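Since the model is a prediction, treat every value here as computed from it, not as a measurement. Residue numbering restarts at 1 for every chain, and letters A, B, ... go by the order of the sequence lines.
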Amino acid sequence: MTTIRTPRQPFANRTRRLFPARTRRLFPTRAYRLAPAGDGPLAPARARQPFTTRTRQLLPTRARRMLATRARRMLATRARRMLATRARRMLATRARRMLATRARRMLATRARRLVSARARRTFANRTQQLFAACARRLFPTHARRLAPAGDERLAPTPARRTFATRTRRLFPTRTRRLPVPAPLGAVVVQAEGVAVRLGGRTVLAGAGLVVRAGEVLALVGPNGAGKSTLLAALAADLPAASGTVRLDGRPVGAWTPGELALRRAVLPQAAALAFPFTVRDVVRMGRAPWAGTAAEDEDEAAVADAMARTEVAEFAERPFSALSGGERARVALARVLAQRTGLLLLDEPTAALDLRHQELVLRVCRERAAAGDAVVAVLHDLSLAAAYADRAAVLHEGRIAAEGPPSGVFDAALLSRVYRQPVEVIPHPRTGERIVLPLRDRAATPDEPRPPEEPTEASRA
Amino acid sequence: MTAKGGRRPVDRGACGGLFPSPPLPETGAPPQPPTSGSQALGVPGGALGPRGRAALLTGALVAALVVLALLAASIGAYEIPPRALLGSLLHRTGLGGAELDRVGESVLWNVRLPRVVLALLVGASLGCAGALTQGVFGNPLAEPGVVGISSGAAVGAVGSIALGLDVFGNWTVTVCAFLGGLLTAFVVYALSRSGGRTEVVTLILTGIAVNAFAGALIGLAVFRADNARITEITFWQLGSLAQATWPKVLAVLPCAVAGLAVAPLYARALDLLALGERPARHLGVDVERLRRALILVVALLTAAAVAVAGVITFVGLLVPHLLRMAAGPGHRFLVPASALTGALVLLAADLAARTAAQPAELPLGVLTALVGSPFFFWLLRRTRRGRGGWA
């Protein structure tokens, strides 16, 4: 009988032939199957004898022969087909891979010799983007795993690829969609008719706001007007009872917390810390959303840059509890800056800060806006808002009373009505900026008894 | 607290107009030595920096654990010299060595080693659970008992003793304690949910209410039980590792190993949770899911430990606090190190309980509280003086 060599046998035979002695020792009961060392191909007839002896005794000859032939033919065809497909596939994949590697290497060497380093890098970037685009079209269901078109240029190859970088590139964040930098003027976040109820009270009733990349938007208004609530709604902290908030084109409910963290950074009103971390640890926490992405490589640079901009590098190793209120606020801002998102939502960033640091914070906001981010800041100081904001929105009783450039919005009548305090808006004598000052003239408050008139120069003279 | 070394005087310039951009960080300035707990404690290696300190501590803990485990296995009513002990261990693993005599071998392998291993597992579970609880609640005073697990387990055990249940044979008390602990933790969690969210303060207050209720139930059980049962209840509540057997070790092993393996994965999220719930959510942490998962892990660890060893307080509170004072609040080091230190502390306590009042055995929970509280108080005073604040 011919040996039916199933696909697994060749390997087994080879091993058995190579190490018959060892196999014999390990599997003594099967040793009779093994050829003694140095023999030719295995002798299958010996292995088959017991079965044929038994069948010869049990079945008549012809039936036996029939069965044998049929079985042989069936097995032969099946085995042949299986072997053929498997071998073909194996060979095909192997050949393909070999060819691919060889071709790639050849091209790479040739390309390397012909092309300069920078061009090579751009070529690599572009090829990878092209592959990503093709793969995205070919496998649309898996497209979400791939970076969307126009993703951040791959970080320039570091001088030495570390093991960590290589491993990280092997297992990129699988389920998070990385953000796409928006062009200047594009809408980053947009609220339409947002209403928020807190504790039975309607804090926001139909507020609509559009925030674009590259601009600083100041949210101003009296206490309880809903500024922080609007900011929280934009940040997807509070669910909107009605209306929608869209971030990067999708409703905020469609993003996971991890994806939201890559797109927007929020500075809370109060900076508290439960455990005694150092300032550097706190700022480094801002880089947490980027863990597992390629941007993790620039963690140290981002932290150092953020600490430098907010002038907290001097007490980088101090515990957070040993800082004053203003320093804590600056450290929180450094954490928010280190997050490097396209949208910054700052809730009263200048509340606890002195004059120098108020100016510093708003200058930082302007720099980020100039770099292409969108900044929304809740401010109480109207002159500061007028000086630094591109656009301002005045909130009054849960609605937006006015919105637009500060020169148009900061109108004495409107502000007096909204704040229930008479204000006057005067232009700066030198720069022409708007300065908003409360009217402290006694004559303007009729309910107070008039003080005795001071002798004027005319009456004295 | 005003060490501001290395700040070079920057020329701010006169009033002239706009300021230049802020100065770059002083690259030449030496890094400030951390003024957190390690200096207050006077721990050697305080100038090493946080990473070096953590590595040093881990090494020291592991070494101390190995040494103490060998000591605990050899010291006791039946003295086994350490050399013979090592020989017996090697013999069992097939690497040479020699067996002990029959009595010694039996004592070592059927009495001592199960007790040592159980102390390790229970201590590690309690330490790790303590670190996780403090991280979840954002409070260094939190303890696994806050969520009602210990008292629920006590109610389960006491109930089964008082009612004289015998459903699972010798395992009845253990199983009832385990189920009671888990049930109470989930009841506390479910009761403190509102609108799909769980506030920390609501969780703690609900835990207090449930603890009080459980205490009342235990009091009722004691009131209705006869003397023998009362003795059993009391001694179960005080905690002990006396009847440690290999089946008991195998009973606590799955929960302990599962909890200990999963806990370090949450280290980074716990660090972010220290900023507050909202900022942590802004940084991408799914706070609700994290809290649910961690309460489950803490419930598993603590219920398993309490079911097998009785109510042992203070380990979950003291150990993470100590480590935080020594090596900073980073959870990547804190969670595994709490497990190691908890195992160490419980092993030492068990050794002391066995040997301090021979031939009687002190209850373990009593010993940990007795020795732990003054030590903790002394530590608090020392750190408070050195640090001036807690947060």
Is there side-chain contact between [X] and [Y], with at least one heavy-atom pair below 4.5 Å?
{"X": "A:V266", "Y": "B:R278", "answer": "no"}
{"X": "A:F277", "Y": "B:D271", "answer": "yes"}
{"X": "B:H282", "Y": "A:D237", "answer": "yes"}

Please identify, among A:A232, A:P289, A:A265, A:P268, the residue contributing the most non-hydrogen atom pairs under 4.5 Å to chain B. A:P289
Just wondering, more than 12 heavy atoms not from B:R268 lying within 6.0 Å of its CZ?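 Count not over threshold, so no.
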Does B:R332 CZ have over 12 foreign heavy atoms under 6.0 Å away? no
Minimum heavy-atom separation for [X] to [Y], with atom names?
{"X": "B:R281", "Y": "A:R264", "result": "O-NH2, 4.3 Å"}
{"X": "A:F275", "Y": "B:A274", "result": "CD1-CB, 3.9 Å"}
{"X": "A:A261", "Y": "B:L283", "result": "CB-C, 3.4 Å"}
{"X": "A:A274", "Y": "B:P140", "result": "O-CD, 4.4 Å"}

For [X], is it the side chain, the backbone, both or neither that has a heavy atom under 4.5 Å from a heavy atom of chain B?
{"X": "A:R335", "answer": "side chain"}
{"X": "A:M285", "answer": "both"}
{"X": "A:V282", "answer": "side chain"}

Only counting residues at least two apart or in another chain, list the ones meeting side chain to side chain donor-acceptor pair (under 3.5 Å) with A:S228. A:D347
